[in-house]
Amino acid sequence: MYGLFSGLTTLDVAQLTAETVAENTKVTSLDQVIAAGGPATNAAVTFSALTHAQARLIARKQLATEVAVAGPGNPMATVLMTAVGDGLAAHLIADDIESHDIALIDCTDYTCESSPHNGDYSPAVSAIFVNSHTGARTLASTNARLPIQADIATASLATMGKPQVVLIDGHNPQLGMEAVTLGTDTTDTDPFAAVENKPPYLRILDGGSWKPWLTPMLGFVDIAVLSADFVAPGATTVAETVDFLRGFGITRIIQTNGEKPTRWWWDDAAGSVTPPTVNAVCTLAAGDVFHGAFAWACANDLLDRDSSDPVSVIDFANRVAALSTTRFGTRTWLNDEDALDDILRHLYS
């Protein structure tokens, strides 16, 4: 059993500063972090951390053995399908991913003669400044810059069986399509047959922002988890974005918006869930953490195709995401095992 994450991987180099860094200035930062980043990658790290936290609580007999879908002695695997590339930055990324017990499928096409980077297969590096007073971030990145060989994904997934959940972040669309159509016959002459043949597990879209290549994937998405920045083509309101996605058969939609209420539309119902109030130090990757926690709950059967509403799982994902903002960077919050254990105990209480 495994959770499959498909999308972008970067090397994040983040600096914590006393204030917003002005143009053409030099500052001494208060702290720094270097880690693998990208929406799908950060979500996968969260998924793996929750899997290990669950196993830890079961071993301590603080959770019932039955809550682990994959069994306490055989925890669910985390699989990341992406492009990492080569070079020093790529090795740092691979080491970080491995340290979080994530299986990596690197689909970089090293034979691509048309690469715009003249044989440079180094991954994207995200340069990030975080204001220590406001938690606001400034980020620059080339995003998905590496050529993709989708055949690597096809061959790898063919040997792995069905996942418990799939999450795509919209980057590296060839891999996203491989992930959402896994186990689906897309060669049928009926164009709607593959879309209507839904697998037992849920397929989640991390909609950070609209990307024009998303359109062919939308029919295979079961749940769209959007940021406030996601605006569908032609839409001017969130209601119009929801209607746009409904046109592709996505009737289960969630919109996160930082510390503001998380809104949801679930079949014919709608509502909101207020995140917990915390002393936010850094909001970097908080949305990615929400997606990883949400996917983890789906993989553990806390939300499925028959669920009537997502409130308890949204509350859980909000709590994990809020915890991540109490520390600087995308990894240091994972050291607060007691707080993470409390969130899991609350989920199962």
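Residue numbers start at 1 and run along the sequence shown.
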Who are the salt bridge (Lys or Arg N to Asp or Glu O under 4.0 Å) partners of [X], not counting sequence neighbours?
X: Arg305; result: Asp222
X: Asp95; result: none
X: Asp86; result: none

Can you check whether [Y]'s main-chain N or O pairs, donor with acceptor, with [X]'s side chain at less than 3.5 Å?
X: Tyr2; Y: Gly161; result: yes
X: Arg246; Y: Asp267; result: yes
X: Thr108; Y: Gly85; result: yes
X: Asn257; Y: Lys260; result: no
X: Gln54; Y: Leu50; result: no
X: Asn172; Y: Thr82; result: no
X: His133; Y: Glu19; result: no
X: Ser6; Y: Leu175; result: yes
X: Ser48; Y: His100; result: yes
X: Thr46; Y: Asn42; result: yes

From [X] atom [atom1] to [Y] atom [atom2], the distance as rounded to the nearest 0.5 Å:
X: Met81; Y: Cys107; atom1: CE; atom2: SG; answer: 6.0 Å
X: Leu205; Y: His291; atom1: CG; atom2: NE2; answer: 8.5 Å
X: Ile128; Y: Gln32; atom1: CD1; atom2: CD; answer: 12.5 Å
X: Asp336; Y: Asp338; atom1: CG; atom2: CG; answer: 6.5 Å

Open item on the list: What I want to find out is whether Arg331 reaches Asp96 closely enough, with some N-O distance under 4.0 Å, to be called a salt bridge.
Closed with: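 Yes, charged N to carboxylate O under 4.0 Å.
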Task: Transitive ILVMFWY cluster of Val278, excluding itself - 4.5 Å side-chain cut-off - done: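 None, because no other hydrophobic side chain comes under 4.5 Å of this residue.
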Open item on the list: Checking one residue: Phe129. Which other hydrophobic residues are in its cluster under the side-chain 4.5 Å linking rule?
Closed with: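 Joined to Phe129, directly or through intermediates: Val21, Val27.
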Considering all heavy atoms of both residues, which atom of [X] and which atom of [Y] are nearest to each other, and what is their separation?
X: Trp265; Y: Gln255; result: CZ3-CB, 4.0 Å
X: Ala179; Y: Ile168; result: CB-CG2, 3.8 Å
X: Thr325; Y: Ala286; result: CG2-CB, 3.8 Å
X: Gly170; Y: Leu214; result: CA-CD2, 3.8 Å
X: Asp169; Y: Gly7; result: OD1-CA, 3.1 Å
X: Leu11; Y: Ile34; result: CD1-CG2, 3.8 Å

Could you verify whether a donor N or O on one side chain and an acceptor N or O on the other, from [X] and [Y], lie under 3.5 Å apart?
X: Asn143; Y: His171; result: no
X: Thr20; Y: Asn131; result: yes
X: Arg145; Y: Ser122; result: yes
X: Thr9; Y: Thr41; result: yes

Task: From Thr274, Asn318, Asp315, residue fulfilling side-chain hydrogen bond (donor to acceptor under 3.5 Å, both in side chains) relative to Thr262 - done: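 Testing Thr262 for a side-chain hydrogen bond (donor to acceptor under 3.5 Å, both in side chains) against Thr274, Asn318, Asp315 leaves exactly one candidate, Asn318.
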Task: Gln62 atom CD, over 12 foreign heavy atoms within 6.0 Å - done: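 Result for CD/Gln62: enclosed.
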Open item on the list: If you count every heavy atom of other residues, nucleotides or ligands that lies below 6.0 Å from Glu240 atom CD, does the total exceed 12?
Closed with: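 Counting other residues, nucleotides and ligands, CD of Glu240 exceeds 12 neighbours.
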Could you see if [X] belongs to whatever hydrophobic cluster contains [Y]? Use Ile, Leu, Val, Met, Phe, Trp, Tyr and a side-chain cutoff under 4.5 Å.
X: Phe5; Y: Ile102; result: yes
X: Leu302; Y: Val273; result: yes
X: Val231; Y: Trp210; result: no
X: Ile97; Y: Val45; result: yes

Task: Parallel, tilted or perpendicular: rings of Phe294 and Phe290 (30°, 60°) - done: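 Rings of Phe290 and Phe294: parallel, under 30°.
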TODO: Might you work through the salt bridge (Lys or Arg N to Asp or Glu O under 4.0 Å) test for Arg319 and Asp342, ending with a clear yes or no?
DONE: CA-CA 10 Å; Arg319 290 172 184 268; Asp342 285 344; over 6 Å; no
- [ ] Would you please name every residue forming a ring pair (Phe, Tyr, Trp, His ring centres under 6.0 Å) with Phe316, sequence neighbours left out?
- [x]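 Partners of Phe316 by the ring pair (Phe, Tyr, Trp, His ring centres under 6.0 Å) criterion, ordered by chain and then number, come out as Trp296.
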- [ ] Begin with the C-alpha distance, continue with both residues' side-chain angles, and end with the deciding distance and a verdict on side chain to side chain donor-acceptor pair (under 3.5 Å) for Thr332 and Asn335.
- [x] CA-CA 6 Å; Thr332 50; Asn335 297 326; 5.8 Å; no
